[in-house]
Amino acid sequence: MATRYDPQAAESRWRAAWDAADLFRAKSPAEAGDAPKAYVLEMFPYPSGRLHMGHVRNYAMGDVVARHKRANGYNVLHPMGWDAFGMPAENAAMQRGVHPGKWTYENIAAMRAQLKKLGLSLDWSREFATCDPEYYGAQQALFLKMMEKGLVYRKASKVNWDPVDNTVLANEQVVDGRGWRSGAIVEQRELTQWFFRITDYADDLLEQVRKLDRWPEKVRTMQANWIGRSEGLQMRFEFSGDAPEGFESGVEIFTTRPDTLFGASFIALSPDHPLTLQLAAGNNALTHFRAECAAVGTSEEAIEKAPKLGFDTGLTVQHPFDPERTLPVWVANFVLMGYGTGAIFGCPAHDQRDIEFARKYGLDVTPVVLPPDAAAASFSVEDDAYTGIGTLFNSGFLDGLAIDDAKRQAVAKIESLGLGEGKVNYRLRDWGVSRQRYWGCPIPVIHCAACGIVPVPASELPLRLPDDVAFDKPGNPLDRHPTWKHTTCPSCAGKAVRETDTLDTFVDSSWYWARFASPDDMAERAYWLPVDQYVGGVEHAVLHLLYARFFARAMRDVGELDLPSGEPFAGLFTQGMVTHETYKAANGDWLEPSEVANKDGAWFEIATGAPAHVGPIEKMSKSKKNTVDPDAIIQAFGADTARWFVLSDSPPERDVEWTQSGAEGAARFVQRIWSIFDGLPETAAPAPGTDAASIALRKASHKAVAAIDKTINEFRFNSAVAGIHEWVSVLKKAEGDTGATLGARFEGASMLARCLVPFMPHLAESCWERLGGDGFVSAAAWPTPDPALLEDDSVTMAVQVNGKRRGEITVSKALAKDAVEAAAHAEPDVAAFLEGKDIKKTIVVPGRIVNIVVA
RNA sequence: GCCUCUGUGGCGGAACUGGUAGACGCGACGGAUUCAAAAUCCGUUUCUGGUGACAGAGUGCCGGUUCGAGUCCGGCCAGAGGUACCA
């Protein structure tokens, strides 16, 4: 009598059994013996309160790797924790009056419960949250060590300032140049802030990223571009009239195109350049212009996309190569103070931003690079700068040179004139870590009027956040706390105040991977690190990963980590998002998937019966109401179904669209698998037969195991899923056999149970139990296919005539090339196309294809 | 704006290093089983033309390299991620 598999009952039973057996605890190096280690880590979640499908996908993928490694004999570390500091907790405090700590820990409890239902093979004994005082205390100690090492400093830096709420805004809180709550036009304001010297490691971070061969190529390219090493020229332009005070030697610029110096038509200063500030002091128009620039906010995107704005200072500088020429000095909103020297020379003909600026303000445009096929007399630049290769012209001593040669000659000339020198510059800026917020790691320093900046003594760490804080008004609660910041100087015992900035939450996630390996034991950290497989969203491809790489180096250099390479993640996989259709009511409001239904192809709103629109497929997000709650799916179908679905269909690196029917299909497949095991007699497994049907079935099983193994190793889980589908169909068909293949069916089922472990671990245990297998299948070894069963002796090859498929032949693999050619020519469907034609040649690719070329 | 990536049936996607385009799943259609239904099982399903064997077209668009291109090269178009205070 066929039975149904009951996911809810089976899943909770197996999870309890795994817990009782402490199955997924990482072994210590001593316990592990000869077993190789594998550290599998997924990016830990921000505890928003609810698990979403993106988490399910991320952790399901990591679990496939962890379970597969474990089955292959590795000592696996697979930990979980919480990226628990951050703005949403403060927003909740402001909106609902709940304390950020309470809100966060409640969210963690809720999400931990949800996560546990997924049956992930996690070592929960290492769990922590970054808002735990033990964690942020260790982070404060690390900060002080980095400070001692000279990796930390303070400098003035700009923030988005909301003049109504009197608070600093994050870039995402600036919407169209206005504060998200107050609606006030956002200003830029300078504050003295803390920085990490990530640029000290710029060269090494760039050099090493090339060697991370188990990282996606695109992430390595993005990191390299972000660091942005460029060789150029730093030089000064001397003023042609009276120089402004303090700038007697001229204005310093940096350029990567010294070859285009003869095409220079203006100098542009950043609105924040010291000279700009000096000129603005006595100039209302310029002051006004600076304010206009500042109203764009601080994000690079906003600054770059803003229309080009300029202000003519009236000053002029001398062209270095031509005493007859002077260039006007402008202030331009697209010149960033943070890059190079905060000043450039503009060559409109060969730079897109410069041409837009020059056309707007009527500045000269002189082309100096001639494209290979252009004529010097007729070549001109209108609205599109020419940035390609070519030969220099209109350029005096550089005429006729290629760009690279011209760059060298120009730099040499400037150097001989004593006006500057060749210089390497980076796009990468030092990492600003100050945040004027409460829910973050307090920066452990004290400001003393007499002693300056004094570290909080190690004995006083962790320096805890005060619990009694009010969020009734915007601004930094730490700063306005009645007592917390008032203290005495550890050095002179005089009155002093604490730093009230907290650390960027990117700091918290920059070293948690080391803390998981061990809270403080250097040997244990050395054993586990680097992480063998890191899995997370591609949205972290630049910042988080770069910061973590910096921290690994900094920790190594302050003696916190024995990791010579400085690379925390040996293998990286970046997964895509989970998306879903969006739905809108007639009035334009977003609707949840559960609020709409489809009848005869038309969507309507269930509550009202009114028609609804289907919108584009987008990343699941609360604002668009297109989220699917994993809890509801687990409730309805079980965790295995949810895991299976998010791994099927889409390649892991791409987005996956959640569909209800897809989930139902996955649930059906769970039952189909169970029916294979349920359909076997409850007897001991006989040895597989040697008849043709048994051999064919065994070949299918052994090939399937090999293919699944390969696709898991290549992170192609969707292909592994397809392979299991095909295999199950073959096993299912064999149920009709008269009994000769029973041994082969048992063998296939046993292999299948073990191959299911990474994907549907609960079902795999139930299947294993039904087979009478030893212990937990979660602890069983991966099946080993028999090489003899993986080979076929004949092969089917397509036959093409002039590249079009006209037939196929099945031949022995060992057949010689000319015999294959003869067989192809003789194949009736092919021969019809060859009749009366002249065969010019025949290409035979053994085992793949035959292509006959006819006239 | 800039950096990176993606684009294949009605839908999600497969196709190893340039070698049979559409595996596998979803949906749809047809059938079996059933008193009936649910569940399950089997089959068909890129498009166009043809009763049919079959023929032609086809991997975002335009062009190129090759015996052969979804795959390589050049140029476009569209969408996504990042853009340093969302995480």
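Proteins get letters first, then strands, A, B, ... in listed order; numbering begins at 1 in each.
Comparing A/G803 and A/N160 by the nucleotide of RNA chain B whose heavy atom lies nearest to each, the residue mapping closer to the 5' end is A/G803.
For A/R353, no side-chain nitrogen or oxygen approaches OP1 or OP2 of B/C2 to under 4.0 Å. In this structure, A/N171 reaches the B/A84 phosphate: one of its side-chain N or O atoms is under 4.0 Å from OP1 or OP2. Contact check, A/N851 against B/G68: no side-chain N or O comes under 4.0 Å of OP1 or OP2. One finds no side-chain N or O of A/R220 lying less than 4.0 angstrom from the OP1 or OP2 phosphate oxygen of B/U4. A close approach under 4.0 Å does occur between a side-chain nitrogen or oxygen of A/K804 and OP1 or OP2 of B/A57. Proximity of A/T505 to the phosphate of B/A87: a side-chain N or O atom is located under 4.0 Å from OP1 or OP2. Regarding contacts with the backbone of B/A55, every side-chain N or O of A/R805 stays at 4.0 angstrom or more from both OP1 and OP2. Contact annotation: A/R668 reaches the phosphate of B/C26 (side-chain N/O to OP1 or OP2, under 4.0 Å).
Contacts of A/S509 with the nucleic acid, taken as non-hydrogen atoms under 4.0 Å apart, are absent. The residue A/F506 sits close to a base: some heavy atom pair falls under 4.0 Å. Across all strands, A/N718 comes closer than 4.0 Å only to sugar-phosphate atoms, never to a base (heavy-atom distances). Residue A/G228 is classed as having no contact, given no heavy-atom separation below 4.0 Å to the nucleic acid.
Residues A/L790 and A/A706 share a closest heavy-atom pair of CD2-CB, 4.1 Å. Closest approach of A/N851 to A/G803, counting heavy atoms only: OD1-N, 3.1 Å. Closest approach of A/T298 and A/I303 over heavy atoms only: O-CD1, 4.0 Å.
Expressed to the nearest 0.5 Å, how far CD1 of A/I712 lies from NZ of A/K710 amounts to 13.0 Å.
Only one option out of A/Y547, A/F551, A/Y201 pairs with A/F196 in a ring pair (Phe, Tyr, Trp, His ring centres under 6.0 Å); it is A/F551.
Picking from B/A84, B/A14, B/A87 the nucleotide with the shortest atom distance to the side chain of A/R427 gives B/A84. Here B/A23 is the nucleotide among B/G12, B/G19, B/A23 with the atom lying nearest to any side-chain atom of A/E726. Distances from the side chain of A/S650 to the nucleotides B/A23, B/G12, B/G43 place B/G12 closest. Listed nucleotides: B/G12, B/C41, B/A23. Nearest to the side chain of A/A722: B/A23. Listed nucleotides: B/G82, B/U83, B/C41. Nearest to the side chain of A/E300: B/U83. Distance from the side chain of A/S299 is smallest to B/A84 among B/A87, B/A55, B/A84.
Using a cutoff of 4.0 Å between basic side-chain nitrogens and carboxylate oxygens, A/E304 and A/R353 are scored as salt-bridged.
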Pairs under 3.5 angstrom only: tabulate donor-acceptor contacts from the side chains of residues 187-195 of chain A to other protein residues two or more places apart or in another chain.
from   : atom 1 : to     : atom 2 : distance (Å)
A/Q188 : OE1    : A/K158 : NZ     : 2.5
A/Q188 : NE2    : A/G297 : O      : 2.6
A/Q193 : OE1    : A/Q436 : NE2    : 3.0
A/W194 : NE1    : A/E499 : OE1    : 2.8

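For A/F833, there are no ring pair (Phe, Tyr, Trp, His ring centres under 6.0 Å) partners, not counting sequence neighbours.
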Could you provide the dot-bracket string of RNA chain B, using ( ) for intrastrand pairs, [ ] for crossing pairs and | for bases paired to another strand, with Watson-Crick or G-U pairs below 3.5 Å? (((((((..(((......[....)))((((((.......))))))((((....))))..(((((..]....))))))))))))....
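In this structure, B/G9 is classed as syn because its glycosidic torsion stays within 90° of zero.
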